[in-house]
K.L.:
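This is the structure I have questions about; it appears just below.
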Amino acid sequence: MTDLLQRILPTVQKPARYTGGEYNEIIKNPEDVRVNVAFCFPDTYEIGMSNVGMRILYGVMNEMDGVWCQRVFAPWGDMEAAMRSHDLPLWALESRRPVKEFDMIAFTIGYEMCYTNIINMLSLAGVPIHASDRKGLENMVFAGGVCAFNPEPLAEFIDFFSLGEGEQSTVEIVALYDRAKAEGWSKDAFLVEVSKIPGVYVPSFYSHEYNADGTLGSVTSVNGAPKVITKRIVEDLDNAYWPTKMIVPSTEIVHDRANLEVFRGCIRGCRFCQAGFSCRPVRKKSPEVLYQQAVATMEDSGHNEITLSSLSTSDYRGLKALTDALIPYCHSNNINLSVPSLRADNFSRELMEKLQTVRKSGLTFAPEAGTQRLRDVINKNLTEDEILSTCANAFSGGWNNVKLYFMLGLPTETDEDVLGIAELVYKIIKCWQANATNKKRGLRVHVATAFFVPKPHTPFQWEAQITQEEYLRRCKLLKSHFYSKSIEYDYHEPNLSRLDAVMARGDRRLGAVIEEAAKNGARLDGWDEYFRYDIWMDAFKKCGIDPNFYTVRGFGEDELLPWDGMDVGVSKGFLLRERRRAYEARITEDCRHGCAGCGANCLLKEVACDA
């Protein structure tokens, strides 16, 4: 395999994607290893190596005695063609050992449009794609990540799912497998026992029946499997594993820098945001621990940039103490410190001045909607005055570039709301004219609109998605009202967002569609170079499934949803209340102004919510 690979590598783009050998990769003596885990990211090396969750679990598993976790990524098209033409199976980077020879095959799934990559990677590895065709204990396929909160579209391909944060549950799962392998268990025996680990969902232990109208009628469990699977969380982040000895990529990746996770969860409750609800409750790290982790990471990796990451970093209460400590260290070591995920209602010009002493990069805000009414509908908790005062503050400090992100197709949206985006942008331009200290460079306002996708475990999980034609009409309406040369406008193409909605709210019947699409060449669907909408439409037609059933139909409030058996800690009653408040354009204050009773605090055993 090594000789063949060496002949192929010079013929493909970015051969460093496939070689391994990076600084800080973990190599173990195979004779000391009892359980080999192929940790697969269903996208390219550049995307997977930027994933913080993969870095964490890679370290967690490799700290286990007798366990060797190795990385596997999806190949780019040129490499896949070479692999298939030379019968070269998919391999792990650390040992270049074929994935088919591994005991466990783990996938982390962060977005729906990588589903065909999972099928394709199993196929390239020579591993049966259907769970029912993998009879023995070897090649046990399991998966986690955000998409596990609705695992049903992948139910026939994955042996079991791990819901929630995996630092503790992954250790329990792999340790159980270690025991099962040593004692010679059957696959069925292992699945029965692993289903008893909190947070584990075994799809084959549940049967789904459908009503005449196509909606889900009932879900029946067997083998003692729980009716509801509750996600796992890590309560004490200060003492949780963090990869300070991070692998340093040997080729450029998307986020080619060190990351520092300041807290998990979100206090805000934006009604469209799946992460904001599914990652609750809020748990934070102390500034002291974060500083130590930052210094250790930078000293070991040699990176020249570190990012403070979270869903809303400016909501971190220890941000000033942390940055006051980090900025002198970063300046003395020529390290760039970046703080993304800032909100317009708590923007700190003083902080940004300290961070950007050399040059002022652009500001990025996400008002999401152009009118106050619609911002109240989605519970953005952001007023026009806050947006304009923040821009005035920034413009007077020398900033001249602003990126603004909005969504089109939000529930209750009207043409007045769409045109409200243009009105807000022009108010920002006037704000720059009135406050800018340096007008020679001019102003650039980059406006981007995304196609709203209703996601599970949010107050909008029942909503209908507007049609692609209606979305494009609204995009054109908005564009027709941008007259200033200072404005650059981009909008997402609707085809991918439509499929995203189908997969996000899909049921088990979509497995046949995913398999058919993959068989006919669908892969790397998140990349413009490879996305083929026609392949997907042909797959839906062949399988007799109407994608509109999962999008423009909308879901009934009393309807059994495919993901109802997955408990993220936020109660369905709370989501329904939030949906009704949305239609009344009533906001719900963030968690710091009082508990709204979402239910996520029930997941905590030892510490109170850190909001």
Side-chain angles (χ1 to χ4, degrees), residues 35-42 57 61 67 69-70 72 90 92 99-109 114-145 147-164 166 169-208 219 221-226 229 231-232 507-508 510-512 514-515 518 562-563 565-566:
V35 179
N36 284 283
V37 181
F39 195 8
C40 303
F41 191 89
L57 294 182
M61 283 187 272
V67 176
C69 173
Q70 302 181 46
V72 184
L90 188 66
V99 170
K100 189 174 184 179
E101 297 178 5
F102 280 71
D103 300 300
M104 307 188 82
I105 303 172
F107 285 93
T108 181
I109 315 173
C114 70
Y115 288 173
T116 53
N117 293 346
I118 296 173
I119 307 302
N120 196 46
M121 290 175 75
L122 291 174
S123 171
L124 281 169
V127 173
I129 65 171
H130 296 102
S132 59
D133 292 332
R134 299 189 294 268
K135 302 298 185 180
L137 199 61
E138 66 280 355
N139 294 162
M140 186 70 65
V141 178
F142 69 107
C147 292
F149 292 133
N150 178 21
E152 298 308 331
L154 293 173
E156 65 180 276
F157 311 112
I158 307 296
D159 291 309
F160 64 92
F161 291 85
S162 176
L163 271 64
S169 59
T170 303
V171 172
E172 296 168 16
I173 289 167
V174 176
L176 180 67
Y177 186 94
D178 190 6
R179 176 188 166 195
K181 182 181 178 182
E183 297 178 2
W185 295 6
S186 67
K187 177 180 179 178
D188 290 342
F190 172 77
L191 290 177
V192 168
E193 292 305 311
V194 81
S195 71
K196 298 175 183 177
I197 294 177
V200 171
Y201 173 64
V202 181
S204 60
F205 289 176
Y206 300 81
S207 61
H208 289 214
V219 178
S221 61
V222 298
N223 293 328
I229 312 297
K231 75 172 185 181
R232 298 286 293 273
D507 51 45
R508 292 191 174 188
L510 289 183
I514 297 169
E515 182 178 350
W563 56 89
M566 310 299 130

K.L.:
Does the side chain of E515 reach to within under 4.5 Å of the side chain of E156, using non-hydrogen atoms?
P.N.:
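Yes. Closest side-chain heavy atoms under 4.5 Å.
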
K.L.:
According to the interplanar angle, ranging from 0 to 90°, do the rings of Y201 and Y206 count as parallel (below 30°), tilted (30 to 60°) or perpendicular (above 60°)?
P.N.:
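Y201 and Y206: tilted rings.
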
K.L.:
Distance-only, no hydrogens or angles: does the R134 side chain make a donor-acceptor pair with backbone N or O of P128 under 3.5 Å?
P.N.:
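The answer is yes, because a donor-acceptor pair under 3.5 Å joins these two groups.
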
K.L.:
Would you say that more than 12 heavy atoms from the other residues, nucleotides or ligands in this model lie under 6.0 Å from the NZ of K187, or not?
P.N.:
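For K187, atom NZ is crowded (more than 12 foreign heavy atoms under 6.0 Å).
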
K.L.:
How long is the span from the CG atom in L154 to the CD1 atom in I119, to the nearest 0.5 Å?
P.N.:
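Separation between the atoms: 6.5 Å.
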
K.L.:
What verdict does the side-chain contact (heavy atoms from CB on, under 4.5 Å) test give for M121 and F107, after you've listed the backbone C-alpha separation in whole Å, the side-chain angles of each residue and the deciding distance to 0.1 Å?
P.N.:
CA-CA 10 Å; M121 290 175 75; F107 285 93; 4.0 Å; yes

K.L.:
So if I apply the side-chain contact (heavy atoms from CB on, under 4.5 Å) rule between R508 and each of P153, P203, S207, which one comes out positive?
P.N.:
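One option only clears the test, and that one is P203.
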
K.L.:
Is I158 close to P151 at the side-chain level, that is, under 4.5 Å between some pair of heavy atoms?
P.N.:
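No, every pair of side-chain atoms sits at 4.5 Å or beyond.
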
K.L.:
Please check if the side chain of D159 supplies one atom and the backbone of M140 the other of a donor-acceptor pair under 3.5 Å.
P.N.:
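Not at all, since once roles are kept as given, no pair shorter than 3.5 Å links the two residues.
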
K.L.:
Are the side chains of F142 and I105 in contact, using a 4.5 Å heavy-atom criterion?
P.N.:
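No. Closest side-chain heavy atoms not under 4.5 Å.
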
K.L.:
Nearest 0.5 Å, what's the CD-CG distance between E193 and N223?
P.N.:
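It comes to 10.5 Å.
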
K.L.:
Between Y115 and C147, is any pair of side-chain heavy atoms under 4.5 Å apart?
P.N.:
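Y115 reaches C147 side chain to side chain.
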
K.L.:
Between Q70 and N36, does a side-chain contact (heavy atoms from CB on, under 4.5 Å) hold up when you go through it step by step?
P.N.:
CA-CA 8 Å; Q70 302 181 46; N36 284 283; 4.0 Å; yes

K.L.:
Closest approach of S169 and R232, non-hydrogen atoms and distance?
P.N.:
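Between these two residues, the closest heavy atoms are CB-NH1, 3.6 Å.
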
K.L.:
Would you please test N120 and L124 for side-chain contact (heavy atoms from CB on, under 4.5 Å) and show each step?
P.N.:
CA-CA 6 Å; N120 196 46; L124 281 169; 3.9 Å; yes

K.L.:
Check whether any side-chain heavy atom of M61 lies under 4.5 Å from a side-chain heavy atom of F39, and answer yes or no.
P.N.:
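Yes, at least one pair of side-chain atoms sits under 4.5 Å.
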
K.L.:
So, Y177 side chain and F190 main chain: donor-acceptor pair closer than 3.5 Å or not?
P.N.:
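No, Y177 side chain to F190 backbone: no donor-acceptor pair under 3.5 Å.
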
K.L.:
Which atom names give the shortest non-hydrogen contact between V99 and A38, and what distance separates them?
P.N.:
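Closest approach of V99 to A38, heavy atoms only: CG1-CB, 4.1 Å.
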
K.L.:
Considering all heavy atoms of both residues, which atom of G199 and which atom of I229 are nearest to each other, and what is their separation?
P.N.:
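Shortest heavy-atom contact: C-CG2, 3.6 Å.
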
K.L.:
Could you tell me whether the side chain of N139 and the main chain of F102 form a donor-acceptor pair under 3.5 Å?
P.N.:
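Yes, N139 side chain to F102 backbone: donor-acceptor pair under 3.5 Å.
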
K.L.:
Would a distance-only check, ignoring hydrogens and angles, find a side-chain to backbone donor-acceptor pair under 3.5 Å from T170 to G166?
P.N.:
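Checking the backbone N and O of G166 against the side chain of T170, a donor-acceptor pair under 3.5 Å is found.
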
K.L.:
How far apart are the closest heavy atoms of L137 and S186, and which atoms are they?
P.N.:
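For L137 and S186, the tightest heavy-atom pair comes out as CD1-O, 4.1 Å.
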
K.L.:
Which heavy atom of F205 sits nearest to which heavy atom of A225, and what is that distance?
P.N.:
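In terms of heavy atoms, the two residues are closest at CB-CB, 3.9 Å.
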
K.L.:
Hey, is E172 close enough to K196 for a salt bridge, meaning N to O under 4.0 Å?
P.N.:
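Salt bridge absent between E172 and K196.
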
K.L.:
Any side-chain heavy atom of M104 sitting closer than 4.5 Å to one from V35?
P.N.:
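M104 vs V35: side chains touch.
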
K.L.:
Test side-chain contact (heavy atoms from CB on, under 4.5 Å) on L176 and W185; report intermediate values, then the result.
P.N.:
CA-CA 11 Å; L176 180 67; W185 295 6; 3.8 Å; yes

K.L.:
For a 4.5 angstrom cut-off between non-hydrogen side-chain atoms, does V37 reach D103?
P.N.:
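Answer no - side chains too far apart.
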
K.L.:
Do I118 and F157 have side chains that get closer than 4.5 Å, going by heavy atoms?
P.N.:
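No, their side chains stay 4.5 Å or more apart.
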
K.L.:
Looking only at heavy atoms, which two atoms of N117 and P42 are closest? And how far apart?
P.N.:
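The pair with the smallest heavy-atom distance is ND2-O, 2.7 Å.
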
